[in-house]
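Everything below concerns the one structure shown next.
Note that the structure is a prediction, hence the values are computed from the model and not measured.
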Amino acid sequence: MILHVTGMNMLSRCGAQFEMYMALGPRPPRAAMIEGSATHDGIEANLRRKIETGELLHEDEVLDLTRDAIISRIDREGLTLSPDEADVGIKKIVGGMQDMAVSLVKVHHHDAAPLIEPVNVERSWELDISGTAHKLAGRIDIETTTGIRDTKTTKIAPSQDKADTSDQLTMYGMAKTVLDGGKIDDLTFDLDYLHKLKTPLYKPFTTRRTEADVQALLMKISQAFKVIDSGMFMPTSRENWWCSPQWCGYYDVCPYVGRKG
């Protein structure tokens with residue numbers, strides 16, 4: 001099988017959710033996920049233009065593209081509304097999603113994009129796992145001359161710790177060194193947060209990785225594949241916040257939640 005870091009994190013969070021994802025496929029994403037993906041679409045287009053021409057898109061262009069990306073993604077992937085969102089109405093919810101994504105991309109366009117010198121965006125990669133039939137795969141958001149950047153949207157105040165402990169950054173760095181050569185110690189990793197406030201803020205954090213970080217991640221990946229191969233998927237505790245109809249797309253079919261009413 002092919003494992004992405006998002007799948008590994010899902011397996012760590014709730015084995016039952018991972019099992020249902022593998023058996024039933026992805027469920028239509030929630031509003032925050034569509035918002036984040038459309039924000040990435042706008043940033044990718046902006047930085048791709050910079051790679052091609054040395055200049056960013058005009059502000060109106062990148063904001064229109066981001067606004068349209070919300071609708072395009074809903075058309076392709078669907079949209080799951082929470083009960084509260086359904087009460088508000090899909091038209092108003094979608095309008096709010098567009099407003100937020102546009103605000104985030106606008107901040108990135110002014111505060112982050114002019115400082116970034118990209119050499120590649122959305123680079124897909126796939127690695128064989130020696131001695132197994134499994135693969136690791138992913139897409140590196142942004143490659144620069146010095147390393148890797150990743151962009152996240154969040155409602156929670158971001159911190160340096162998130163950058164220092166991100167398995168995603170470690171995995172992308174590991175993949176880059178396998179594909180391109182070099183040492184992970186020589187790479188710089190930047191985690192660019194777009195904080196979803198009434199007036200959004202751009203908060204960048206720089207971090208590094210060592211070979212010890214790679215070895216720790218490889219042990220985690222090995223354990224993940226052992227669990228997958230065993231077919232023994234442990235459900236999370238019902239006390240955890242993500243075990244709810246708001247945060248789990250499989251809550252309505254999960255046999256481990258008991259009474260749902």
Side-chain angles (χ1 to χ4, degrees), residues 6 29-51 55-75 77 79-118 121-122 139-142 144 147-166 168-169 188-207 241-242 244 246-247:
T6 51
R30 298 190 181 277
M33 296 175 66
I34 293 286
E35 260 179 22
S37 296
T39 299
H40 274 80
D41 292 341
I43 292 170
E44 177 192 352
N46 209 17
L47 294 181
R48 193 176 296 280
R49 175 64 65 85
K50 192 171 187 179
I51 292 171
E55 301 290 337
L56 295 169
L57 291 166
H58 293 298
E59 181 179 305
D60 288 347
E61 290 181 278
V62 70
L63 299 188
D64 286 345
L65 187 153
T66 303
R67 189 177 292 107
D68 292 343
I70 292 283
I71 302 301
S72 296
R73 284 193 170 270
I74 292 173
D75 288 343
E77 304 169 31
L79 173 63
T80 298
L81 298 181
S82 70
D84 288 343
E85 288 170 337
D87 288 342
V88 172
I90 189 168
K91 184 176 181 179
K92 190 169 183 178
I93 292 298
V94 171
M97 292 162 61
Q98 289 178 310
D99 290 344
M100 178 54 72
V102 164
S103 296
L104 296 174
V105 171
K106 185 175 182 178
V107 170
H108 191 278
H109 179 73
H110 286 284
D111 296 348
L115 306 177
I116 298 172
E117 296 301 331
V121 292
E122 295 296 327
R139 283 188 303 178
I140 300 172
D141 268 18
I142 304 164
T144 68
I148 291 170
R149 303 188 79 98
D150 195 35
T151 309
K152 300 291 185 188
T153 63
T154 180
K155 284 186 175 181
I156 302 171
S159 66
Q160 180 67 48
D161 181 64
K162 294 291 187 183
D164 293 339
T165 60
S166 168
Q168 188 172 37
L169 288 181
T188 299
F189 297 86
D190 294 282
L191 193 55
D192 292 331
Y193 271 103
L194 298 172
H195 194 182
K196 296 196 285 187
L197 301 172
K198 186 174 182 180
T199 301
L201 294 177
Y202 166 58
K203 296 185 178 181
F205 298 93
T206 299
T207 187
W241 59 264
W242 56 83
S244 69
Q246 181 178 0
W247 295 104

**Request:** Just jot down the side chain to side chain contact (heavy atoms under 4.5 Å, CB included) partners of Leu57, sequence neighbours excluded, or say none.
**Result:** Ala45, Asn46, Arg49, Glu61, Val62
**Prompt:** Of all residues at least two apart in sequence or in a different chain, which pass the side chain to side chain contact (heavy atoms under 4.5 Å, CB included) check with Ser82?
**Reply:** Asp84, Glu85
**Item:** Which residues share a side-chain hydrogen bond (donor to acceptor under 3.5 Å, both in side chains) with Thr6, sequence neighbours left out
**Value:** none
**Prompt:** Who pairs with His58 by side-chain hydrogen bond (donor to acceptor under 3.5 Å, both in side chains), at least two apart in sequence or on another chain?
**Reply:** none
**Message:** Run the salt bridge (Lys or Arg N to Asp or Glu O under 4.0 Å) test against Glu44 and tell me which residues pass, sequence neighbours left out.
**Reply:** Arg48
Please tabulate, for side-chain N and O atoms in residues 88-99, each donor-acceptor pair with protein atoms closer than 3.5 Å (sequence neighbours left out).
{"residue": "Gln98", "atom": "NE2", "partner": "Arg67", "partner atom": "O", "Å": "3.1"}

**Complete:** By side-chain hydrogen bond (donor to acceptor under 3.5 Å, both in side chains), Asp192 pairs with (sequence neighbours left out) Arg149, Tyr202
**Item:** Trp242: partners by ring pair (Phe, Tyr, Trp, His ring centres under 6.0 Å), with sequence neighbours left out
**Value:** none
**Prompt:** Under the salt bridge (Lys or Arg N to Asp or Glu O under 4.0 Å) test, which residues partner Lys50, sequence neighbours left out?
**Reply:** Glu117
**Item:** Qualifying residues under side chain to side chain contact (heavy atoms under 4.5 Å, CB included), relative to Leu197, sequence neighbours excluded
**Value:** His195, Leu201
**Prompt:** Under the side chain to side chain contact (heavy atoms under 4.5 Å, CB included) test, which residues partner Glu77, sequence neighbours left out?
**Reply:** Pro29, Ile34, Arg73
**Fill in**
The complete set of salt bridge (Lys or Arg N to Asp or Glu O under 4.0 Å) pairs with one or both residues in residues 150-165, sequence neighbours excluded, reads Asp150-Lys152
**Item:** Partner of Ile142 under side-chain contact (heavy atoms from CB on, under 4.5 Å), chosen from Asp190, Ile116, Ile148
**Value:** Ile116
